[in-house]
Visitor: 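Below is one structure. I have some questions about it.
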Amino acid sequence: MKKRPAVWYVGNAFLAVGASIALYALVRIYLLYRDLPPGTCPFDANRPLLYVALGFVVVSFILSFFEKKPKSDAP
């Protein structure tokens with residue numbers, strides 16, 4: 001079994017948390033949208049959640065640059 005660096009685990013954890021928060025926010029937006037009158041925006045109430053989710057995903061993307069890539073044996 002290949003040992004992975006700690007950055008890989010932390011990056012994947014940030015990605016999972018970000019995706020979970022985004023999914024939760026989108027479900028809340030859908031449920032809120034059903035009960036709102038026409039012309040109102042359900043995204044305004046959930047904007048902080050979406051920003052937090054985006055922040056987690058961006059941190060995961062940045063951490064992916066710090067992972068060591070395996071050396072290739074091919075010339």
Side-chain angles (χ1 to χ4, degrees):
M1 185 172 160
K2 196 175 204 180
K3 185 172 180 173
R4 301 217 184 246
V7 175
W8 185 82
Y9 290 110
V10 173
N12 282 344
F14 272 99
L15 182 64
V17 170
S20 300
I21 293 172
L23 182 65
Y24 172 73
L26 290 175
V27 168
R28 269 187 63 179
I29 288 170
Y30 174 73
L31 294 176
L32 185 64
Y33 185 70
R34 294 185 313 174
D35 300 330
L36 288 176
T40 57
C41 183
F43 290 99
D44 291 338
N46 292 304
R47 189 172 302 183
L49 273 178
L50 292 172
Y51 285 152
V52 168
L54 183 64
F56 275 110
V57 172
V58 167
V59 169
S60 171
F61 179 70
I62 291 171
L63 286 176
S64 71
F65 288 111
F66 296 106
E67 295 176 16
K68 291 183 179 177
K69 303 295 180 200
K71 293 184 179 180
S72 176
D73 291 337

Visitor: Same cluster or not: are Val27 and Tyr30 linked, directly or through other Ile, Leu, Val, Met, Phe, Trp or Tyr residues, by side-chain heavy atoms under 4.5 angstrom apart?
Guide: yes
Visitor: For the residue pair Ser60 and Leu15, what are the closest heavy atoms and their distance?
Guide: OG-CB, 3.4 Å
Visitor: Could you list who else is in Phe66's hydrophobic cluster, with ILVMFWY side chains joined at under 4.5 Å, directly or through other members?
Guide: Val7, Val10, Phe14, Val17, Ile21, Tyr24, Leu49, Val52, Leu54, Phe56, Val58, Val59, Ile62, Leu63
Visitor: Do you know which two heavy atoms are closest between Ala53 and Ala22, and how far apart they sit?
Guide: CB-N, 3.7 Å
Visitor: Would you mind listing every side-chain hydrogen bond (donor to acceptor under 3.5 Å, both in side chains) that reaches into residues 45-55, with sequence neighbours excluded?
Guide: Arg28-Asn46, Asp44-Arg47
Visitor: CG/Leu32 to CD1/Ile29 distance, rounded to the nearest 0.5 angstrom?
Guide: 8.5 Å
Visitor: If you take all heavy atoms of Val57 and Ala19, which pair is closest and at what distance?
Guide: CG2-N, 4.5 Å
